[in-house]
Amino acid sequence: MNNRFQVEFHFRNALIFDGDGAEPFKGDIGISDGKIDFVAPASECIEVISDKEYDLAGMALAPGFIDAHTHDDHAVFDPTKIYPKLSQGVTTIVAGNCGISLPPLTLNGQMPPPPLNLLGNSGLFKFPNMASYRKSLAKNGHAVNLVYLIGHSSLRIKVMNDVTREANSEEIRLMHNLLTQALNEGASGFSTGLFYPPNEAASEEEVVGVASAMKNHGGIYTTHMRDEGDDVIKSIDESLSTAKKAGVPLLISHHKCTGRQNWGRTRETLQLLEEHRPSLPLNFDIYPYTAGSTILQEDQVSEETRIMVTWSKTHPERTGQELGDIAREWEVSCKEAARRLKPAGAIYFQMHEEDVHRLLKSDIAIIGSDGIPEDEHPHPRLWGTFPRIIGHYARELGLLTMSEAINKMTGLPAKVFGLGKRGRIAPGHFADLVIFDPKTIIDKADYDNPKVPSEGINAVWVNGKEALNSGSIGVSNAGRLLQSDFS
Ligand SMILES: [Zn+2]
């Protein structure tokens, strides 16, 4: 006897990646009311009645990608600003990373102190709590799903009169309570950016004091660590200890080993993380490039490191140029050139390709673009991360299988963030889908021309609605605010 299904949309003859890392299989799926109704391998006899049918012969179908690390806190409101993600097949983004979040900080016209200016201008900081941000999201609508973290720098600036010192017990209590409130109002976790000035004076005890708000409530701790160079091991130790003391899962942000003298040390860092896996839910996110990007900081500038300017308030005409060239032209040191360009953003070429390979292969790695949507001349990771991993690292280099690559951007991050019924192609799961050509999918953005859409993404569906078709934005308000559930 045949199985009979009546669905809204019937996708036929696709190469299906289930998101769990299993080998792909040919088959059909049906979706109704925003959810996957059935999944049927080609060998199964089925009868399907549908409102609309799509023949996907030659195409792959996978769960929509989850971008585990973004700074799309404001971009999410605008479908054109979220286009770099949609065009890569991303259906869920995690924002509020690196200690910087919009709520619960309000800045009445003051310039946001770096690195909060990564998110945009002072006018954006207008949400006194998560509830008001959530309300604004609901009113505006958004194209992709959002998971939100509350940033420690934002809390510190809200609560403390001087962020260059450690918080006192009263300030820790206030931040703890603000985080608790945000978790009650829809936030999913807490992020630090201990590398950055507004956050660096925080001790481990302070971070534990705030993060422990998640102990009973549930939530994930993500950290842009204090140091990703010479002291990377010390920083990982601190992160592990913080998460254990606070009793929360740990996600290390954009893991890397920076500086020539630290190349190859991912062997050490992976071994250390491996040792702690039995005692702590533990992952890291990574983007597939050997350059990082953030604000331009003089203390990060050296004559040896190649640095490219992504924006500059004082010298906007220098955007896209190399710091070394600018310094030569001005006949000053690179540090002095950086000082004159500030406030500014930069791309730092500071990692080794072998480290990127080693980290990408790790089975605790998930994928996060760390793209900065407001940058004038952004790092290409904003537009290329996901197709680059599938097309370049999986198909071309064979570093991992396409199924493994897709698992790191679907099923695995859904588990890491406690997103039940997401990240898998299975009946009852939400219909977040990406349809792509496995033979051609590839990134096209590079350092010289960073704003170029990837190739091979055919269509993207968010909660059962077509959000992107052949490069054109479709339904732009199908996204939802998702909240982690670790119960
Ligand atoms: Zn960061």
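The first residue of the sequence shown is numbered 1, and numbering continues consecutively from there. Start at 1 and go down the list; that is how both ligands and their atoms are numbered.
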**Item:** Under-2.8 Å neighbours of the Zn ion (ligand 1), protein N/O/S atoms only
**Value:** 3

**Request:** Under the side-chain contact (heavy atoms from CB on, under 4.5 Å) rule, what do Phe77 and His142 come out as? Steps first, then yes or no, please.
**Result:** CA-CA 6 Å; Phe77 287 97; His142 40 107; over 6 Å; no

**Donor-acceptor under 3.5 Å (Tyr133 side chain, Asp73 main chain)** =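 Yes.
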
**Request:** Using the ring of Phe195 (Phe, Tyr or Trp, six-membered ring only), decide whether Arg226 places NZ or CZ under 6.0 Å from its centre and within 45 degrees of its axis.
**Result:**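 Geometry flag: not set, cation outside 6.0 Å or 45°.
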
**Prompt:** With a 4.5 Å heavy-atom cut-off, do Lys245 and Glu204 have their side chains touching?
**Reply:** yes

**Request:** State which residue, out of Lys234, Arg265, Lys256, fulfils the salt bridge (charged side-chain N to carboxylate O under 4.0 Å, His left out) condition with Glu228.
**Result:**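 So the option named by the test is Lys256.
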
**Complete:** Of Phe349, Tyr447, Tyr348, the one forming a ring-ring contact (aromatic ring centres under 6.0 Å, His included) with His379 is Tyr447

